Chemist: 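Below is the structure I would like to discuss, written out as structure tokens.
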Number of protein chains: 4
Amino acid sequence: MSKRDQILATTLELVSEQGFHATSVGLIIKKSGVASGTIYHHFKNKEDLIDTLYSDLKKELGNAIINNLEQELNYKDKFILIWKNLFTFYIENPKKFEFLEDYSNSPFIRKEIKKITQTYYQSAIDFIELGIKLGILRNLPIDLLINIVFGNVATLARMVILEEIELTNELLNITIQSSWDSVKIN
Amino acid sequence: MSKRDQILATTLELVSEQGFHATSVGLIIKKSGVASGTIYHHFKNKEDLIDTLYSDLKKELGNAIINNLEQELNYKDKFILIWKNLFTFYIENPKKFEFLEDYSNSPFIRKEIKKITQTYYQSAIDFIELGIKLGILRNLPIDLLINIVFGNVATLARMVILEEIELTNELLNITIQSSWDSVKIN
Amino acid sequence: MSKRDQILATTLELVSEQGFHATSVGLIIKKSGVASGTIYHHFKNKEDLIDTLYSDLKKELGNAIINNLEQELNYKDKFILIWKNLFTFYIENPKKFEFLEDYSNSPFIRKEIKKITQTYYQSAIDFIELGIKLGILRNLPIDLLINIVFGNVATLARMVILEEIELTNELLNITIQSSWDSVKIN
Amino acid sequence: MSKRDQILATTLELVSEQGFHATSVGLIIKKSGVASGTIYHHFKNKEDLIDTLYSDLKKELGNAIINNLEQELNYKDKFILIWKNLFTFYIENPKKFEFLEDYSNSPFIRKEIKKITQTYYQSAIDFIELGIKLGILRNLPIDLLINIVFGNVATLARMVILEEIELTNELLNITIQSSWDSVKIN
DNA sequence: GATGAATGAGACTTCATTCAT
DNA sequence: TATGAATGAAGTCTCATTCAT
């Protein structure tokens, strides 16, 4: 594992554990076992480090979402597949989930993010847009629909990760159905 | 307005504007016009100040939710009323909304919060529980149902506040309907 | 117990427990149960409070030293009496002992102290001076002789108070004899 | 001279001049000419800095005590040599003397100190123990004998350093004799 | 690529004290 | 006499970052 990757991995760990605002460069140095200068050799500054990590994770997430989507499936089944892809990524990568959630909520970053988001989620946007055109989904603004569904996934994922709820196949299916019912035309 | 209230109001303003981690005590001092010692006369430390503010806002939110709920209404209409109460509170108090969202996502606080939350939201919990018993709502864990609905409200509110979407009566109604469809038994 | 006495008593307690430099006015306020203003009603400032306490204790100590000294005794027995008076005061008032020791060692106070010391210890000074004149004590500077003897008393007292040694009559007598042997002409 | 040593030297200077409680980190920074961060790079915190200095000085003192002790000398002459070694170290290093005295009396540290003390003073302890065994010294607890003698040295050293007394060879010899008379069997 | 000593602005907090009540 | 809210200077320490090696 290269020093650069050590730094990124440690940062992910720390932000997910202690939160964005409690993760100092000093802490990253101590936990990753690299020298302070090494961080500044690989990243312009702390913001660049965090941004890089965020961007990496967003890309990874973007890829996870479209996993297996090339199959021939009807619209609803594709919806379910995307839902599960996202959800699975979250619960299999709780630290990445934490990081993405925590960072996304940090006010001063939001503007930069939106642009990146749109790039990596283009496939999801296209998919929702198609659903509206086909008359399957409610005629609501695309962004709102996406946010609602992604919000649903995050809601369940967070509860499972925090062990506030026990995940069963039935629970998952009903929740997905609930999410589907909220966006489809009834 | 007492010094104590000035401090709380300024803190709300700053956290909503700049985020939790960028709001230093120094900034609060400068903007509220009190001496540093005054903050520590009224609050044990920065954490206590933030906690107090959070707790106050949660209580206020809890009260806002049940506004007008004493009316004779059928279950769905009560659902809509609560939804609108919450939503209205958010868009009429965008700073409080920002603060609550920002703070809730700060990892190291979550445990303490849950207890307070439950106290203030008891009416909402009872209402959801009733819906399940009556066979109106899906048989999902109460907490999950609440988080889904509250998540829906926050999703729309955020977009409206950030002006990513234009609020119309129609949009609101469809979104509420969408939220209702996700929890009711179809 | 008047507020003024409460303040003095609490200060003694705190300085003896936590040391001079760790005893803040805030701590005195909290522990004595008086308001901050009350302290400044009775004492000009913190220094005045400490000085008052110190002066009070020195006077008390000065009186303790000459207890029973009016008896008809030979020189050595008077020496022993004074030694025991001082020692008894220390071990019966460990907090006062701690305070006096701690405060005396605070560098910036020493000058003021010397003047007060001399007033209250005049009887001890006179007694030592007499011993030299009578050819009983070594011809050393009076201050040195006093410091040696007082140092001996403090050495034993500290060890007994800190429970580093168990006090017996024999131990006490030998130590006094040792102290006497160090100042008398052999 | 490394920054670390500059910090230690400045701290010694300041504590000896102004006392323990008046020596702020800010003062150390200003006088040593290093940046605040540099102190915290080398020492965990203020306490660690002071402890390090104390420990260093104790070690130095421990070595000074046994200087030239390898010579063939009778017991009393060895006693005198140790006495003079200690005394010389004190008056040649008045700042170190002040620091050691001031710090030793700071209440909250005493426990840790005792352990360190014993290590560095083992030779002195052994020497006293031998004296008792040989029937030369009074049968008093070792710690008490040591404290008495060390107290004697400190008493004279303090007066000389504070110029309350003028040091002559005769004065020194009588004082040592006085100290010897207090511990030897008469 | 990698190190870690050094920086100094700025973080949070405590301090002794004042003053209107 | 007594209160306690208010003050702001000064306290200790952490921060992100630089640079000579």
Side-chain angles (χ1 to χ4, degrees), chain A residues 2-7 21-30 32-50, chain B residues 2-7 21-30 32-50, chain C residues 2-7 21-30 32-50, chain D residues 2-7 21-30 32-50:
Chain A
S2 73
K3 296 270 173 182
R4 190 176 179 280
D5 287 348
Q6 268 174 255
I7 293 164
H21 97 269
T23 300
S24 67
V25 175
L27 225 50
I28 296 171
I29 288 166
K30 234 169 275 171
S32 67
V34 305
S36 58
T38 307
I39 289 184
Y40 291 89
H41 179 76
H42 291 289
F43 305 96
K44 224 184 85 198
N45 49 34
K46 188 190 179 183
E47 205 188 336
D48 182 36
L49 162 59
I50 300 278
Chain B
S2 72
K3 297 267 172 182
R4 191 175 179 281
D5 288 349
Q6 268 172 256
I7 293 165
H21 100 269
T23 299
S24 68
V25 175
L27 226 49
I28 297 171
I29 288 164
K30 232 169 275 170
S32 67
V34 305
S36 59
T38 306
I39 289 184
Y40 292 89
H41 178 72
H42 291 290
F43 305 95
K44 228 184 78 194
N45 50 34
K46 189 187 177 182
E47 202 188 337
D48 182 38
L49 163 58
I50 301 277
Chain C
S2 73
K3 296 269 173 184
R4 190 176 179 282
D5 287 349
Q6 268 172 255
I7 293 164
H21 95 270
T23 299
S24 66
V25 175
L27 225 51
I28 297 171
I29 289 166
K30 233 170 276 171
S32 67
V34 305
S36 58
T38 307
I39 289 184
Y40 291 88
H41 178 76
H42 290 290
F43 305 96
K44 224 184 83 195
N45 51 33
K46 188 190 177 182
E47 206 186 335
D48 182 36
L49 161 60
I50 300 279
Chain D
S2 72
K3 297 267 171 181
R4 190 174 179 281
D5 287 349
Q6 269 173 255
I7 293 165
H21 101 270
T23 299
S24 67
V25 175
L27 226 49
I28 297 172
I29 289 164
K30 233 169 275 169
S32 66
V34 305
S36 59
T38 306
I39 289 184
Y40 293 90
H41 178 72
H42 291 288
F43 305 96
K44 229 184 79 196
N45 50 35
K46 190 186 175 182
E47 202 188 337
D48 182 38
L49 162 60
I50 302 278

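Throughout, protein chains are lettered first and strands after them, A, B, ... in sequence-line order, and every chain is numbered starting at 1. Remember, predicted model here, so these are calculated numbers, not experimental data.
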Chemist: With sequence neighbours excluded, tell me which residues meet side chain to side chain contact (heavy atoms under 4.5 Å, CB included) with C:S36.
Modeler: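 Per chain and number, C:S36 pairs via side chain to side chain contact (heavy atoms under 4.5 Å, CB included) with C:I29.
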Chemist: For DNA chain F, what string of dots and brackets results from 5' to 3' when Watson-Crick and G-U pairs need both distances under 3.5 Å, crossing pairs get [ ], and pairs with another strand get |?
Modeler: .||||||||||||||||||||
Chemist: Starting at atom CD1 of D:I29, determine the distance to atom P of F:dT14, rounded to an integer number of angstrom.
Modeler: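 Value for this atom pair: 13 Å.
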Chemist: Tell me every residue that passes side chain to side chain contact (heavy atoms under 4.5 Å, CB included) with C:N45, counting only those two or more places apart in sequence or in another chain.
Modeler: C:Y40, C:E47, C:D48
Chemist: Rounded to the nearest angstrom, tell me the gap between atom CD1 in A:I50 and atom P in F:dA16.
Modeler: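 Distance, rounded to whole Å: 9 Å.
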Chemist: Can you tell me how far P of F:dG11 sits from CD1 of D:I39, to the nearest Å?
Modeler: 13 Å
Chemist: How close or far is atom C1' of F:dT14 from atom NZ of D:K44, stated in whole angstroms?
Modeler: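 The distance from NZ of D:K44 to C1' of F:dT14 comes to 15 Å, rounded to the nearest Å.
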Chemist: Does C:T38 or B:V34 map to a spot on DNA chain F nearer the 5' end, using the closest nucleotide for each?
Modeler: C:T38
Chemist: Between which nucleotides of DNA chain E, 5' to 3', does chain A make heavy-atom contacts below 4.0 Å?
Modeler: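 For DNA chain E, the relevant span reads E:dG1 to E:dA5.
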Chemist: Roughly, in whole Å, what's the span from CD1 in A:I7 to P in F:dA16?
Modeler: 14 Å
Chemist: Mind checking if B:S24 touches a base, just sugar-phosphate, or nothing, with heavy atoms under 4.0 Å?
Modeler: sugar-phosphate
Chemist: Could you tell me the separation between the OH atom of C:Y40 and the C1' atom of F:dG4, rounded to a whole number of Å?
Modeler: 14 Å
Chemist: With a 3.5 Å cut-off and just heavy-atom distances, do the side chain of B:S36 and the base of F:dA9 make a donor-acceptor pair?
Modeler: yes
Chemist: Between atom CZ in C:F43 and atom P in F:dT1, what is the gap in whole Å?
Modeler: 12 Å
Chemist: List in chain and number order the residues that pass side chain to side chain contact (heavy atoms under 4.5 Å, CB included) with B:D5, two or more places apart in sequence or in another chain; answer none if no residue qualifies.
Modeler: B:M1, B:S2, B:L8
Chemist: Within this structure, what is the NE2-to-C1' distance between B:H42 and F:dG4, rounded to whole angstrom?
Modeler: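 To the nearest whole Å, that distance equals 10 Å.
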Chemist: Would you mind telling me which residue lines up with the more 5' stretch of DNA chain E, A:S2 or B:T23, judged by nearest nucleotide?
Modeler: A:S2
Chemist: Given F:dT12, F:dA2, F:dA16, which nucleotide is nearest the side-chain atoms of A:V25?
Modeler: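 Nearest nucleotide to the side chain: F:dA16.
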